[in-house]
Structures are given as structure tokens and as C-alpha cells.
Amino acid sequence: MQESQSKVDSPAAEAANERGTSPDFVLENLRRATLMRLASVTSLEELEELRVEALGRKGPIAQIGKEFGKLTPEQKAALGKLLNSVKQELERAFREKKSRLEKEELAERLRREWIDVTLPARGVRPGSLHPVTQLQWEIEDLFTSLGFAVLDGPEVETEEYNFDALNIPPSHPARDMQDTFWLSDGHLLRTHTSPVQVRGMRRLGPPFRMIAPGRVFRNEEVDASHEHTFYQLEGMMVDRNVSVANLIYFMKTLLSEIFHRDVTVRLRPGFFPFVEPGFELDIQCLICGGSGCPVCKHSGWVELLPCGLVHPNVLRLSNIDPDEWSGFAFGLGLTRLVMMRYGIDDIRQLQGGDLRFLNQF
Ligand code: FA5
């Protein structure tokens with residue numbers, strides 16, 4: 001193939017070499033040489049070049065046509081017929097080759113650009129809400145359906161909101177109950193969500209119902225049930241004639257909505273300077289079923305929901321007359337509630353950032 005190709009390199013050149021021999025011979029030679037070269041063409045560009053060379057206006061067929069004048073009428077008739085048949089044959093061969101090359105190019109393009117649209121998309125791995133956020137939103141839904149507003153407060157607080165306005169003056173021993181992160185400018189990281197009670201009382205005025213979920217900070221030793229950074233959810237209702245019965249009703253509603261089953265609770269006296277009387281509502285440990293484990297410190301009970309009736313001093317410090325208004329307040333340990341709900345036996349897992357843990361929720 002290589003050899004024959006070099007021998008018949010250009011139809012025009014070959015035709016010229018054969019000049020002087022008969023036109024039949026020239027045409028036959030041209031036909032053969034062109035078909036041979038056509039067979040080795042591999043692209044549409046090459047094909048077009050060859051077509052112009054063989055069949056174009058300056059090509060050998062056109063040249064032979066120009067020499068018709070020198071021929072006798074019989075020769076003209078015979079050569080004309082031959083010329084036409086060679087021309088038609090070559091044109092047909094070019095057309096067929098062109099359509100084959102076009103098909104091949106299309107097939108090649110389809111192969112190169114093929115995309116399997118049925119494959120599942122790689123996509124973005126969807127995240128999910130942290131279990132604390134999930135539970136917080138659930139409780140927000142519950143309390144908003146009961147007429148409570150959801151308030152927010154700053155995590156960097158003043159001493160006044162975190163302590164003074166809650167009936168905890170500077171020398172009060174209750175300040176030591178919550179180890180505080182103090183900032184150099186005298187501010188502090190709030191140790192509980194109770195300062196939002198004060199903001200609520202001052203902003204909303206009685207009567208009102210509010211909850212305030214949020215992050216709190218304590219400078220304390222971390223173990224299976226204690227974090228330095230955790231979540232609480234504050235609640236407060238101030239109205240006329242609010243009693244312990246109202247408080248217990250809302251606490252029971254809260255627990256039955258969250259656990260969807262019977263849980264054993266106990267109410268015992270608790271001391272917080274901002275409530276009087278004050279209670280600790282404990283839940284029987286759901287990790288060990290009450291038999292004792294590191295989470296409940298082997299007591300069988302977990303402190304979950306301190307609460308009480310708002311101390312008259314607290315109302316007074318926020319310009320609410322305690323003779324006219326009364327209220328209850330509670331401070332749910334939201335992170336501990338999540339532990340109880342999902343049976344998480346170490347609080348540190350919740351903020352460890354381990355996706356194998358978080359993906360379960
Ligand atoms: C308070 O913070 C009060 N402000 C609650 C309150 C509000 C009482 C309104 C009365 C009226 P206490 O320090 O007990 O209380 O914390 C409340 C809850 O937060 C606890 O019952 C517990 O569930 C949770 N908690 C306390 N310390 C930690 C800690 N280090 N890690 C995780 N949860 C904690």
C-alpha cells in the first residue's frame with residue numbers, strides 16, 4: 001500500500017507524466033490513483049483536499065475537458081462518455097467516503113463525550129442537625145404552641161444580668177455554685193440561661209411566657225456528665241396567681257412530649273436565690289435504669305430540671321410588683337436531656353465532632 005501510494009502520489013502529477021499517451025489511458029490512470037489515495041484518507045479535511053485536487057477546476061479532469069477542441073467529433077463523443085463515467089464514479093466514491101467519515105467522527109465524539117446519566121450523582125454529603133438542636137427545636141415548637149415566646153440572649157454577659165438581678169449579690173455564696181469564666185473587662189461568659197429571664201421581664205413586662213434556649217459556660221472539671229460548655233433551656237411565666245400547680249403541669253407536659261413514654265421523676269427541694277420555693281426535678285437515669293452508672297454518679301437519678309416560683313426580689317429588681325404578679329421559672333439541662341433521650345453515656349461525645357457519632361442522628 002505504501003509503495004503503490006508513493007508511485008501514484010498525485011493524480012495531477014501522474015496525469016501530467018502520462019501526457020502524450022491516449023486520454024483513455026490518462027483517465028484510467030487518474031481513476032485508479034484517486035481511488036487508491038481515497039482509500040487511505042482518514043479525515044474530512046484530507047478528503048476535501050483530495051477532492052479539490054482530483055475533481056476541482058484546476059484538476060486533471062477539467063484539464064482534459066479543455067483539450068476537447070483538438071479532437072474529431074467521434075473522439076469527442078467517445079472521450080466525453082468516458083470522462084463523464086470516471087467523473088461520476090469518483091464523485092460517488094467521494095460522497096460515500098465523506099458519509100463514512102462523518103459517521104465515524106460522530107461515533108468517536110459520542111464515545112468521547114459519553115455520560116451515563118443513569119449513574120447516581122456523587123452529590124454533596126448531606127449534613128444533619130445536631131441532636132441538641134433537634135431537641136431544642138422540638139421543645140421550641142411545644143412551648144410556642146403553649147403561648148410562649150422564644151427569646152435569645154448574649155453569651156457574654158454582665159455581672160448584673162447573670163447574678164445581681166437574679167437576687168445573687170456579690171458576696172452571696174451562690175456565686176460559688178457556678179464556677180465562672182471571667183473576662184478581663186469585667187464581663188463574664190454566662191453560667192446559665194437565667195439572665196434571659198431578666199431580659200424577658202424587662203422587655204416584655206407582665207403578663208408573659210417565654211423560653212430561652214442557649215449555650216452556657218462553666219469553669220469546671222469535665223466528666224461523663226459535666227461539660228465546660230453545654231446547653232440549657234430557660235423558661236418563665238409571669239401572670240396573676242401563678243402557682244406550683246401551674247409549674248408542675250408545664251413540667252409534666254414537657255417530659256411526656258419529649259419522651260413519649262412514662263419516665264420516673266422525683267421532685268425535691270432545691271436552693272436557687274432567684275426562686276422561692278425552689279425544686280430540683282430529677283429523672284430516673286435512663287442509661288442504667290436507676291441501678292447506678294457514671295452518668296448518674298451511681299445514684300440512679302439525674303438532675304435535669306431545677307425550677308420554682310419566681311422570688312419576689314427578682315420581680316422587684318425588674319420593676320414588676322410581686323403583690324400583683326407571680327410566676328414560675330425553670331432551667332432545663334438541655335444537653336443532659338439529649339443524653340437521657342438517646343441513651344448517650346458520655347456527655348463529651350456530643351461536642352467531640354466525631355462524624356461516626358453524629359451521623360447516627
Ligand atoms: C441553674 O443553672 C439555674 N439557672 C436553673 C434554674 C433556672 C433554677 C430557673 C430555677 C429557676 P443548675 O446549676 O442546677 O441550675 O443547672 C441547671 C441544669 O443544667 C442541671 O440540672 C443540669 O441538667 C445542667 N448542668 C449543670 N451543669 C452542667 C454541666 N457542667 N454539664 C452539663 N449539664 C449541666
Side-chain angles (χ1 to χ4, degrees), residues 131-132 134-148 174 177-178 192-194 197 209-214 216 218 223-227 230-239 242-311 326-347 350:
V132 172
Q134 289 182 29
L135 190 56
Q136 176 189 319
W137 287 11
E138 254 181 64
I139 299 175
E140 285 179 15
D141 282 350
L142 168 67
F143 275 98
T144 45
S145 78
L146 295 169
F148 284 69
M177 285 161 60
Q178 300 179 356
H192 51 176
T193 43
S194 298
Q197 283 185 24
R209 301 171 186 199
M210 53 140 279
I211 55 166
V216 303
R218 288 190 196 175
D223 61 26
S225 56
H226 291 82
E227 260 289 9
F230 58 99
Y231 288 81
Q232 289 187 341
L233 187 138
E234 196 79 8
M236 188 181 221
M237 173 177 168
V238 175
D239 210 321
V242 173
S243 69
V244 173
N246 298 118
L247 170 64
I248 290 175
Y249 166 77
F250 281 106
M251 299 304 95
K252 270 188 164 171
T253 307
L254 169 63
L255 292 176
S256 64
E257 285 292 323
I258 297 308
F259 287 105
H260 304 294
R261 60 173 161 137
D262 281 341
V263 287
T264 312
V265 295
R266 72 176 184 191
L267 201 62
R268 60 189 168 91
F271 172 69
F272 301 94
F274 34 97
V275 285
E276 179 59 41
F279 307 101
E280 286 280 6
L281 193 147
D282 302 334
I283 180 171
Q284 192 169 62
C285 183
L286 296 175
I287 307 291
C288 61
S291 61
C293 69
V295 172
C296 60
K297 295 217 174 68
H298 305 283
S299 70
W301 296 93
V302 176
E303 276 183 23
L304 195 66
L305 228 177
C307 52
L309 294 185
V310 183
H311 196 291
S326 51
F328 69 73
F330 62 90
L332 172 69
L334 190 57
T335 309
R336 290 229 183 121
L337 186 62
V338 170
M339 294 174 73
M340 290 298 111
R341 186 193 218 188
Y342 295 110
I344 297 164
D345 62 6
D346 195 319
I347 196 170
L350 282 161

Check your understanding: How long is the span from the OG1 atom in Thr193 to the CG atom in Leu332, to the nearest 0.5 Å?
Key -> 8.5 Å
**Study point:** Donor + acceptor pair across side chains of Glu140, Gln136 (<3.5 Å)
**Key:** yes
**Study point:** Residue list, side-chain contact (heavy atoms from CB on, under 4.5 Å) with Ile344, at least two apart or on another chain
**Key:** Val338, Met339, Tyr342, Gln349, Leu350, Phe357, Phe361
**Study point:** Rounded distance (nearest 0.5 Å) linking atom CG of Leu337 with atom CG of Leu255
**Key:** 7.5 Å
Practice item. Could you grab the distance from atom CG of Leu247 to atom SG of Cys307, nearest 0.5 Å is fine? Key: 4.5 Å
Point to revise | Point-to-point distance, once rounded to the nearest 0.5 Å, from CD of Glu280 to CZ of Phe271 | key: 12.0 Å
Review point. Once you round to the nearest 0.5 Å, how far does OG of Ser243 lie from OH of Tyr249?
Key: 13.0 Å
Exercise for review: Please step through side chain to side chain contact (heavy atoms under 4.5 Å, CB included) for the pair Leu135 and Leu233, ending with a clear verdict.
Suggested key: CA-CA 11 Å; Leu135 190 56; Leu233 187 138; over 6 Å; no
Check your understanding: How many angstroms lie between atom CD of Glu257 and atom CG of Asp141, to the nearest 0.5 angstrom?
Key -> 10.5 Å
Check your understanding: Checking side chain to side chain contact (heavy atoms under 4.5 Å, CB included) for the pair Phe330/Leu281: CA distance, chi angles, key distance, verdict?
Key -> CA-CA 10 Å; Phe330 62 90; Leu281 193 147; over 6 Å; no
Practice item. Taking only Lys NZ, Arg NE, NH1 and NH2, and the carboxylate oxygens of Asp or Glu, determine whether Arg336 and Glu227 approach each other closer than 4.0 Å. Key: no
Point to revise | Min side-chain heavy-atom separation Phe148-Leu142 under 4.5 Å | key: no
Check your understanding: Are Phe250 and Phe328 an aromatic pair by the rule of ring centers under 6.0 Å?
Key -> yes
Review point. Can you tell if the side chain of Asn246 reaches within under 4.5 Å of the side chain of Asp239, non-hydrogen atoms only?
Key: no
Check your understanding: For His192 and Phe274, what are the C-alpha separation, side-chain angles and deciding distance, and is it a ring pair (Phe, Tyr, Trp, His ring centres under 6.0 Å)?
Key -> CA-CA 13 Å; His192 51 176; Phe274 34 97; 5.8 Å; yes
Practice item. Kindly indicate whether the side chain of Thr253, heavy atoms from C-beta on, has any atom under 4.5 Å from the side chain of Phe143. Key: no
